[in-house]
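To keep things clear, I will list the structure first and then write my remarks on it.
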Amino acid sequence: MPVPWDLGIKRREASDGGAIEVGAWPPDATGPPARDQWFARRALILLGIVYLVAQLGLFTLSRPPRWDEAVYLSQVIPGMEAVFFLASRSRGISLLVAPVTSLGGSIGDVRLYLTVLSAVAMTATYRTWVPVVGIAAPLAALVFSFSWLGLVSGAEVMPNYWAAILGLAAAGLTARRLQGEGTRYIVLASLVLAAMALVRPTDATVLAGVIVVIVLSFRRDLWGILMPLGLGLVLGWLPWVVEMSVRFDGPANAVRAAAAGRHFASVQVTENLIRHATYVGGKGSGVPIAGMMWWGLIVTMAIVALALRREGEARSAMLLCGLGAVAFAAGYIVFVPALPRFLLPAYAFASVPFAAGCVSLLRGGTASRIAGGTVLVLMIPWVIWQSTVADDQERGSGSHVAFRVGT
């Protein structure tokens, strides 16, 4: 009879009737070792606390909202006339802050609420990836959350951060199902995808398309998971479709109105690409040397992750994130005039293969360990630099509007 697992040690019968230990992790198991997952979960909790403290230390909670924030806030402030809502917007972020504004909360209350919520959401999102990538999950969370965009966007009343976090959570839950875990994960992924579509419908559609490609290319045996995901996408889109049908006589007219307002239009791709690269350093112009170097490192680590993680499930997860990052970036670089926050979903998805590639190097030979260790050490000045950029963005922003929430 088979002997049950005991403290992670597998035993088999010896010829003399005794038991022989054959390993601390079953050779046919999928996913990282239990000790790695234990460490990763606790590291994420600590990282979430540091992320919360960093936001509170770098930014003033009472800073006035920018114009786009004012638009979203005005939709849910009792007694205030709502600012005109363009067709390109969806109401998910307004609904997210509605519990605070409906109670008469100030802008400081809104920002404190979002600061805490973003820290919790970040921790929970990357926790979904722990059974897939193990100790790479907290490193990925560090790469995304402690970029200046991740730091600045957590307390902003804008949809892009939440599209990134919800999208990565939906992808992580889907990856859990792809590696053989229960159907409850795809149900949760569908609900999270619906929430993502409520916040940013187009981004949710891009993610759904990426999942379709991955499943049909590598896991056709699980094609049935596409049905609940499709249902979640439809439910998330439904409020926008209904509103656009009432206000613009249909989604097609709404898209044309968004294009007329330059929220969705053909752009100069090269110019857009350069601007996004310069935004890595917090600027909108200049020679994007730092941005290109950072992008190059992300791509290199992603290639390493794909090359070294040859197992079916791990490779599918890396491809899911890699293709997702490319799809999000391509959509915004080709079709939307550049703003820094637009690439947040791309950076969130790129963080996972980046971290997985670094961890894979650290577990290789001597040369690989030196390369991985170098990347890991370089993350220290990178975090310091990005925190400085975030602080500069807070101090130097001149795009605030005279707008107050509550008393």
Side-chain angles (χ1 to χ4, degrees), residues 51-122 145-165 198-200 261-263 275 278-285 336-344 347 386-407:
Y51 179 56
L52 173 63
V53 172
Q55 289 189 75
L56 293 174
L58 286 170
F59 311 122
T60 304
L61 292 176
S62 59
R63 67 187 186 274
R66 306 169 192 268
W67 168 249
D68 285 335
E69 291 183 285
V71 172
Y72 289 114
L73 284 166
S74 70
Q75 312 301 312
V76 288
I77 296 177
M80 180 177 181
E81 183 177 353
V83 177
F84 179 73
F85 216 58
L86 295 175
S88 58
R89 302 184 189 276
S90 55
R91 298 188 179 273
I93 189 65
S94 295
L95 295 176
L96 186 65
V97 300
V100 179
T101 58
S102 63
L103 296 174
S106 67
I107 184 61
D109 296 328
V110 171
R111 294 210 187 279
L112 179 59
Y113 164 72
L114 289 177
T115 298
V116 175
L117 192 61
S118 63
V120 172
M122 181 277 290
S145 301
F146 287 85
S147 66
W148 77 263
L149 280 170
L151 287 166
V152 167
S153 301
E156 288 190 331
V157 190
M158 298 294 294
N160 310 90
Y161 178 88
W162 297 98
I165 285 295
L198 194 62
V199 170
R200 200 79 169 168
R262 297 287 297 167
H263 282 238
R275 288 190 66 186
T278 59
Y279 285 146
V280 171
K283 301 177 181 179
S285 61
V336 183
L339 284 176
R341 64 179 182 270
F342 288 161
L343 288 194
L344 275 166
Y347 287 132
Q386 290 290 287
S387 299
T388 302
V389 173
D391 185 58
D392 290 342
Q393 292 292 312
E394 164 71 6
R395 294 175 183 276
S397 176
S399 57
H400 293 152
V401 297
F403 183 89
R404 295 290 187 272
V405 182
T407 58

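Predicted model only: the values in this text are computed from it and were never measured.
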So how far is it from [X] [atom1] to [Y] [atom2], rounded to the nearest 0.5 Å?
{"X": "Ile93", "Y": "Asn160", "atom1": "CD1", "atom2": "CG", "value": "9.0 Å"}
{"X": "Arg63", "Y": "Ile107", "atom1": "CZ", "atom2": "CD1", "value": "8.0 Å"}
{"X": "Phe59", "Y": "Leu151", "atom1": "CZ", "atom2": "CG", "value": "5.0 Å"}
{"X": "Ser90", "Y": "Arg200", "atom1": "OG", "atom2": "CZ", "value": "7.0 Å"}

Do [X] and [Y] touch side chain to side chain, with heavy atoms closer than 4.5 Å?
{"X": "Trp148", "Y": "Asp392", "result": "no"}
{"X": "Leu114", "Y": "Leu96", "result": "yes"}
{"X": "Val152", "Y": "Val389", "result": "no"}
{"X": "Leu61", "Y": "Leu56", "result": "yes"}
{"X": "Leu149", "Y": "Tyr279", "result": "no"}
{"X": "Met80", "Y": "Thr101", "result": "no"}

Listed by chain and number, what are the side-chain contact (heavy atoms from CB on, under 4.5 Å) partners of [X], not counting sequence neighbours?
{"X": "Ser94", "answer": "Tyr72, Gln75, Val76"}
{"X": "Ser102", "answer": "none"}
{"X": "Leu198", "answer": "Leu95, Pro239"}
{"X": "Ser118", "answer": "Tyr51, Gln55, Tyr161, Trp162"}

Expected output: side-chain [X] to main-chain [Y] donor-acceptor under 3.5 Å:
{"X": "Glu394", "Y": "Leu58", "answer": "no"}
{"X": "Gln386", "Y": "Val280", "answer": "yes"}
{"X": "Thr278", "Y": "Lys283", "answer": "yes"}

With [X], which residues qualify under side chain to side chain donor-acceptor pair (under 3.5 Å), at least two apart?
{"X": "Tyr113", "value": "none"}
{"X": "Ser153", "value": "none"}
{"X": "Glu156", "value": "Arg66"}

By ring pair (Phe, Tyr, Trp, His ring centres under 6.0 Å), Phe342 pairs with (sequence neighbours left out) Tyr332
On a heavy-atom basis, the closest approach of Ala70 and Val83 is O-CG2, 4.4 Å
Please, which pairs that meet salt bridge (Lys or Arg N to Asp or Glu O under 4.0 Å) have at least one residue in [range], sequence neighbours excluded?
{"range": "residues 52-62", "answer": "none"}
{"range": "residues 99-108", "answer": "none"}
{"range": "residues 91-106", "answer": "Arg91-Glu243"}
{"range": "residues 96-111", "answer": "Glu69-Arg111"}

